[in-house]
Protein chains: 4
Amino acid sequence: MFIELDLQSETPIYAQLVDQIVEGIASGALKPGDPLPSIRNLAEDLGINLHTVNKAYNLLKQEGFLQVHRKKGVIVQPDGMPGVTEAFEEKLRQQLRSLAAAAAVRGMTEETFAQESRSVYRDTITNRGGEQR
Amino acid sequence: MFIELDLQSETPIYAQLVDQIVEGIASGALKPGDPLPSIRNLAEDLGINLHTVNKAYNLLKQEGFLQVHRKKGVIVQPDGMPGVTEAFEEKLRQQLRSLAAAAAVRGMTEETFAQESRSVYRDTITNRGGEQR
Amino acid sequence: MFIELDLQSETPIYAQLVDQIVEGIASGALKPGDPLPSIRNLAEDLGINLHTVNKAYNLLKQEGFLQVHRKKGVIVQPDGMPGVTEAFEEKLRQQLRSLAAAAAVRGMTEETFAQESRSVYRDTITNRGGEQR
Amino acid sequence: MFIELDLQSETPIYAQLVDQIVEGIASGALKPGDPLPSIRNLAEDLGINLHTVNKAYNLLKQEGFLQVHRKKGVIVQPDGMPGVTEAFEEKLRQQLRSLAAAAAVRGMTEETFAQESRSVYRDTITNRGGEQR
DNA sequence: GTGGTCTAGACCACC
DNA sequence: GTGGTCTAGACCACA
């Protein structure tokens with residue numbers, strides 16, 4: 001499994017899970033229709049609580065990134081990912097605003113900030129094509 | 001005062017305060033050396049507890065954005081803001097990664113994402129250079 | 001617990017807590033990875049408010065002496081203590097300067113002052129290396 | 001005057017005053033019998049409140065470092081400085097303990113700590129012989 | 001009047 | 001159970 005948790009991070013474990021699964025999908029490591037480990041398995045592998053994994057999967061299901069089948073178990077949304085909704089745009093902007101302000105105050109230029117964004121996006125996407133290790 | 005709180009938001013009040021003050025500095029609405037309202041005043045104005053304001057001010061102090069001056073009270077750091085530290089870069093990247101992944105999965109292109117970042121940065125900065133005095 | 005507070009002292013309770021925990025680490029009574037009492041437990045044991053303990057723990061966390069672990073609670077930094085930073089050297093010197101001046105004025109010789117420092121250091125360190133497990 | 005205040009330090013102004021006067025005596029810049037500026041003058045020079053200077057002078061008088069004459073004004077104790085009292089030893093040790101622990105935890109050796117103490121003592125003493133500038 | 005400290009008591013998210 | 005956040009209300013040192 002490609003998930004690494006930081007137990008002393010201030011971001012809750014379930015959120016780290018969510019993030020990393022989304023990153024997995026973005027990078028192509030997880031493709032539409034791909035199965036995810038069962039709640040029980042993943043929890044055990046990572047040494048964390050069932051509730052925590054459950055919460056993460058539920059959030060992802062609600063957002064439309066996962067499907068939970070009674071038989072197939074949990075799989076990556078095969079019927080097309082949700083698009084760029086109004087709500088998402090709003091959330092994205094709000095978070096970017098906070099980051100941009102902090103960056104600007106510290107003297108980071110618009111150019112650098114945009115480059116940084118672009119480069120991070122590319123990195124995220126780029127591992128596409130299959131490390132599952 | 002230019003601060004607006006969303007008491008229902010899941011981001012803690014003190015964090016909203018921190019964000020908005022940083023944005024205030026980034027936008028130039030708050031300039032180095034400018035005084036901030038006293039803890040009690042601001043708390044009363046916003047209808048929140050003084051400890052909450054105190055926490056926000058303290059965080060900003062330890063990050064180097066504010067100074068607590070024996071005579072002038074709390075002021076915006078006059079001796080140069082902290083620069084782009086290693087730690088900040090790391091935090092910025094980490095947050096961008098999460099945003100970029102979510103954007104990518106939803107089909108937002110690299111170009112759009114970078115443009116969005118740039119545009120938000122610009123908005124944040126705007127009105128820098130000439131108001132209020 | 002090995003902590004003793006002087007509630008009448010002019011040094012704030014939270015600062016006494018910080019000092020004593022650092023001394024505990026220095027003496028080896030607290031080893032890297034060791035758990036500390038929960039905020040509420042310690043507060044109750046010491047007969048003080050939980051916020052006071054919380055403040056002390058937080059200060060120690062940001063200095064890098066403690067970690068707040070999602071599962072284990074609060075533990076002594078297991079990944080190596082922070083080293084002798086520029087800032088620490090500065091703070092140390094400043095405090096020593098004040099002490100040295102007072103000592104000198106009262107007629108304490110350089111030799112005695114240095115010996116005193118050495119001896120206190122040794123006392124602090126003593127019992128390092130082998131108790132409690 | 002050789003006094004420099006840091007208005008955004010967390011040590012109160014009156015304490016900074018006390019420290020620097022003691023350092024002045026230790027270094028020989030201020031000799032027994034030497035006059036100090038009047039409360040009013042010093043307050044004005046430093047741009048601080050009368051009360052603050054007054055408090056500092058009073059503390060120094062109580063400790064026996066200064067004399068306040070109705071005619072001569074404030075002078076450095078001419079009749080011999082107070083010696084190393086029990087109480088002073090205690091206070092010194094307590095403060096050194098805290099410093100030593102912090103130093104030890106950060107990996108500073110006994111030798112370095114003692115050297116540091118000695119060197120700071122020497123610096124404090126050394127300017128002896130008259131810069132009044 | 002300022003910030004700093006402390007208390008008592010509450011709710012919530014996380015695990 | 002844990003830490004994190006928030007409130008209400010108090011006292012004190014400082015300037």
Side-chain angles (χ1 to χ4, degrees), chain A residues 5 7-17 43 46-56, chain B residues 5 7 9-17 35-44 46-59 61 66-75, chain C residues 5 7 9-17 35-44 46-59 61 66-75, chain D residues 5 7-17 43 46-56:
Chain A
L5 299 178
L7 296 185
Q8 63 244 28
S9 161
E10 61 180 4
T11 64
I13 296 181
Y14 81 91
Q16 294 183 45
L17 265 178
L46 299 174
I48 60 180
N49 198 296
L50 289 179
H51 300 342
T52 311
V53 179
N54 193 33
K55 181 162 190 175
Chain B
L5 298 178
L7 299 185
S9 164
E10 62 177 359
T11 67
I13 300 179
Y14 79 90
Q16 295 181 46
L17 265 176
L36 271 74
S38 80
I39 294 181
R40 282 169 179 75
N41 271 189
L42 186 51
E44 194 171 3
L46 299 174
I48 60 179
N49 191 278
L50 86 178
H51 290 113
T52 309
V53 178
N54 192 31
K55 181 163 190 175
Y57 277 8
N58 261 322
L59 282 173
K61 181 176 101 186
L66 299 185
Q67 270 187 6
V68 178
H69 206 278
R70 288 263 161 205
K71 313 192 71 169
K72 302 180 203 160
V74 181
I75 61 174
Chain C
L5 298 178
L7 299 185
S9 164
E10 62 178 358
T11 67
I13 299 179
Y14 79 91
Q16 295 182 45
L17 265 177
L36 270 75
S38 80
I39 294 182
R40 282 169 177 77
N41 271 189
L42 186 51
E44 193 172 2
L46 299 175
I48 60 179
N49 192 279
L50 86 178
H51 288 113
T52 310
V53 177
N54 191 31
K55 181 162 188 175
Y57 277 8
N58 261 323
L59 283 174
K61 180 176 100 185
L66 299 184
Q67 270 187 6
V68 179
H69 205 278
R70 286 264 160 204
K71 313 192 69 171
K72 303 182 202 161
V74 181
I75 61 175
Chain D
L5 299 178
L7 295 186
Q8 61 243 29
S9 160
E10 62 180 3
T11 64
I13 297 180
Y14 82 92
Q16 294 183 46
L17 265 179
L46 299 174
I48 61 180
N49 198 296
L50 288 180
H51 301 342
T52 310
V53 179
N54 194 31
K55 180 163 189 174

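Sequence lines set the chain letters: A, B, ... in the order given, protein chains first and strands last, and positions in each chain run from 1.
Here the side chain of C:Ile39 is nearest to one of E:dC6, F:dC14, F:dG3, namely F:dG3. In this structure, of E:dC15, F:dG4, F:dA15, it is F:dA15 that holds the atom nearest to the side chain of B:Arg70. Of the candidates E:dT5, F:dT2, F:dT5, E:dT5 carries the atom nearest the B:Asn54 side chain, counting heavy atoms from C-beta on. Closest approach to the B:Val74 side chain among E:dT7, E:dG3, E:dC15 is made by E:dG3 (side chain taken as heavy atoms from C-beta onward).
Between B:Gln16 atom CD and F:dG4 atom C1' there is a gap of 15 Å when expressed in whole angstrom units. Spacing between atom CD of B:Glu44 and atom C1' of F:dG9 amounts to 14 Å, rounded to whole angstrom units. B:Asn49 has its CG atom 17 Å from the P atom of E:dA8, to the nearest Å. Summarising the geometry, the separation between CG on C:Asn58 and P on E:dT5 is reported as 13 Å, rounded to the nearest angstrom. Note: CG (C:Leu7) to C1' (E:dT5) measures 13 Å, nearest angstrom. Regarding C:Glu10, its CD atom lies at a distance of 13 Å from the P atom of E:dT5, rounded to whole Å. Taking atom OH of residue C:Tyr57 and atom P of nucleotide F:dT5, one finds them 17 Å apart after rounding to whole Å. Summarising the geometry, the separation between CG on C:Leu17 and C1' on E:dG4 is reported as 16 Å, rounded to the nearest angstrom.
For the pair B:Ile13/B:Asn49, no side-chain contact is recorded, criterion being any heavy-atom separation below 4.5 Å from C-beta on. Residues B:Tyr57 and B:Pro37 form a side-chain contact, since some pair of their non-hydrogen atoms from C-beta on lies under 4.5 Å apart. At a threshold of 4.5 Å between non-hydrogen side-chain atoms, the residues B:Pro35 and B:Lys72 do not count as touching. Counting heavy atoms from C-beta on, the side chains of B:Leu46 and B:Leu17 come closer than 4.5 Å. Counting heavy atoms from C-beta outward, B:Leu36 and B:Leu66 have side chains that approach closer than 4.5 Å.
Atom NE2 of D:His51 is surrounded by 12 or fewer heavy atoms from other residues, nucleotides or ligands within 6.0 Å.
Checking C:Leu50 against C:Lys71, the closest nucleotide of DNA chain E that is more toward the 5' end is the one next to C:Leu50. Between B:Gly47 and C:Val68, the residue anchored nearer the 5' end of DNA chain F, judged by the nucleotide with its closest heavy atom, is C:Val68. Nearest-nucleotide positions on DNA chain F for B:Thr11 and C:His69 put C:His69 closer to the 5' end.
With hydrogens and angles ignored, a donor-acceptor pair closer than 3.5 Å exists between the side chain of B:His51 and the base of E:dC6. Between the side chain of C:Arg40 and the base of F:dG1, no donor-acceptor pair of N or O atoms lies under 3.5 Å.
Using a 4.0 Å heavy-atom distance criterion, C:Ile13 is classed as a sugar-phosphate-only contact. Counting any heavy atom pair closer than 4.0 Å across all strands shown, B:Ile48 reaches sugar-phosphate atoms only and no base atom.
In this structure F:dC6 sits in a base pair with E:dG9, meeting the Watson-Crick or G-U test at under 3.5 Å. Summarising the base pairing, F:dC14 is matched to E:dG1 through a Watson-Crick or G-U wobble pair whose two defining distances lie under 3.5 Å.
B:Lys55 has no side-chain polar atom (N or O) that falls below the 4.0 Å cut-off from OP1 or OP2 of F:dC6. Dashed line: the shortest gap from a side-chain N or O of C:Thr52 to OP1 or OP2 of E:dT5 is not under 4.0 Å. Here B:Ser38 does not reach the OP1 or OP2 of E:dG1: none of its side-chain N or O atoms lies under 4.0 Å away. For B:Tyr14 and F:dC6, the shortest distance from a side-chain N or O to OP1 or OP2 is not below 4.0 Å.
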